[in-house]
Amino acid sequence: DVRVTCSGLPFDAISIQPNPAEQSFTVVREDDASEEEVTINLLRIDGTQISSTKSKSKKIEIESERLQPGAYLVEIIANGKREIRRVVKD
């Protein structure tokens with residue numbers, strides 16, 4: 001699992017399940033700031049954006065059924081801070 005982070009981000013309690021993914025994956029938030037809106041961007045490995053979702057939900061499902069097998073980046077943005085995680089599509 002590759003993580004690109006900046007110090008002080010409130011993303012310690014965020015996970016991506018399942019990883020690797022087939023039909024979809026879920027970004028699960030277990031943080032205290034669950035009332036905050038979060039933006040989830042799905043990116044190709046070169047940084048090209050595929051999709052973007054905004055939600056206040058603790059579980060955000062991202063469809064991956066139409067993606068080609070390979071590695072993708074999931075950019076999680078909250079309160080002007082961001083973290084990038086890697087997800088694999090089988």
Side-chain angles (χ1 to χ4, degrees):
D1 190 22
V2 174
R3 295 174 115 188
V4 178
T5 61
C6 298
S7 62
L9 288 178
F11 298 117
D12 292 337
I14 292 181
S15 63
I16 297 174
Q17 306 166 357
N19 192 6
E22 290 184 16
Q23 303 294 321
S24 66
F25 61 89
T26 304
V27 177
V28 180
R29 301 174 59 198
E30 298 174 13
D31 57 339
D32 293 334
S34 61
E35 296 298 317
E36 299 294 327
E37 183 173 75
V38 172
T39 301
I40 308 291
N41 295 322
L42 181 62
L43 312 168
R44 290 189 178 88
I45 208 74
D46 67 1
T48 305
Q49 184 173 312
I50 298 169
S51 67
S52 183
T53 303
K54 291 185 180 186
S55 178
K56 292 183 180 181
S57 175
K58 286 187 166 241
K59 293 186 178 181
I60 305 161
E61 185 173 1
I62 308 294
E63 297 295 324
S64 59
E65 183 175 5
R66 295 182 182 163
L67 298 176
Q68 296 294 318
Y72 293 86
L73 301 174
V74 178
E75 180 182 40
I76 305 161
I77 303 170
N79 295 327
K81 299 176 183 177
R82 74 181 190 138
E83 177 163 316
I84 297 176
R85 303 246 183 125
R86 185 177 65 98
V87 67
V88 175
K89 164 68 163 98
D90 275 346

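On a predicted model such as this, the values are computed, not experimentally measured, just so you know.
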K.L.:
Roughly how far, to the nearest 0.5 Å, is the NZ atom of Lys58 from the CZ atom of Arg29?
P.N.:
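Output value for this atom pair is 7.5 Å.
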
K.L.:
Side chain to side chain contact (heavy atoms under 4.5 Å, CB included), that's the test. Do Ile62 and Val74 meet it? Break it down for me.
P.N.:
CA-CA 10 Å; Ile62 308 294; Val74 178; over 6 Å; no

K.L.:
Might you point out which heavy atoms bring Glu61 and Ser24 nearest each other, and give the distance in Å?
P.N.:
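Residues Glu61 and Ser24, closest heavy atoms: OE2-OG, 2.8 Å.
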
K.L.:
Distance-only criterion, 3.5 Å: show the donor-acceptor pairs between side-chain atoms of residues 43-51 and protein atoms not counting sequence neighbours.
P.N.:
{"residue": "Asp46", "atom": "OD1", "partner": "Thr48", "partner atom": "N", "Å": "2.9"}
{"residue": "Asp46", "atom": "OD1", "partner": "Thr48", "partner atom": "OG1", "Å": "2.8"}
{"residue": "Asp46", "atom": "OD2", "partner": "Thr48", "partner atom": "OG1", "Å": "3.3"}

K.L.:
Please collect all salt bridge (charged side-chain N to carboxylate O under 4.0 Å, His left out) contacts where either partner lies in residues 68-77, sequence neighbours excluded, each pair once.
P.N.:
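Qualifying pairs, neighbours excluded: Glu75-Arg82.
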
K.L.:
Rounded at 0.5 Å granularity, tell me how far CD1 in Ile77 sits from CD in Glu37.
P.N.:
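If we round to the nearest 0.5 Å, Ile77:CD1 and Glu37:CD are 11.0 Å apart.
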
K.L.:
Under 4.5 Å between any side-chain heavy atoms of Lys81 and Glu83, yes or no?
P.N.:
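No - every pair of side-chain heavy atoms lies 4.5 Å or more apart.
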
K.L.:
Could you walk me through whether Leu42 and Leu67 pass side chain to side chain contact (heavy atoms under 4.5 Å, CB included), step by step?
P.N.:
CA-CA 11 Å; Leu42 181 62; Leu67 298 176; 3.7 Å; yes

K.L.:
Would you say Ile76 and Ile14 make side-chain contact, with heavy atoms under 4.5 Å?
P.N.:
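A side-chain contact under 4.5 Å exists here.
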
K.L.:
Provide the closest heavy-atom pair for Asn19 versus Val88 in the form atom of the first, atom of the second, distance.
P.N.:
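Looking at all heavy atoms of both residues, the shortest contact is OD1-N, 2.9 Å.
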
K.L.:
Check whether any side-chain N or O of Asn41 sits under 3.5 Å from a backbone N or O of Leu73 as a donor-acceptor pair, and report yes or no.
P.N.:
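Looks like no, no N/O pair under 3.5 Å.
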
K.L.:
State whether the side chain of Lys89 and the backbone N or O of Glu22 hold a donor-acceptor pair below 3.5 Å, judged by distance alone.
P.N.:
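Side chain of Lys89 to backbone of Glu22, a donor-acceptor pair under 3.5 Å: yes, one is there.
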
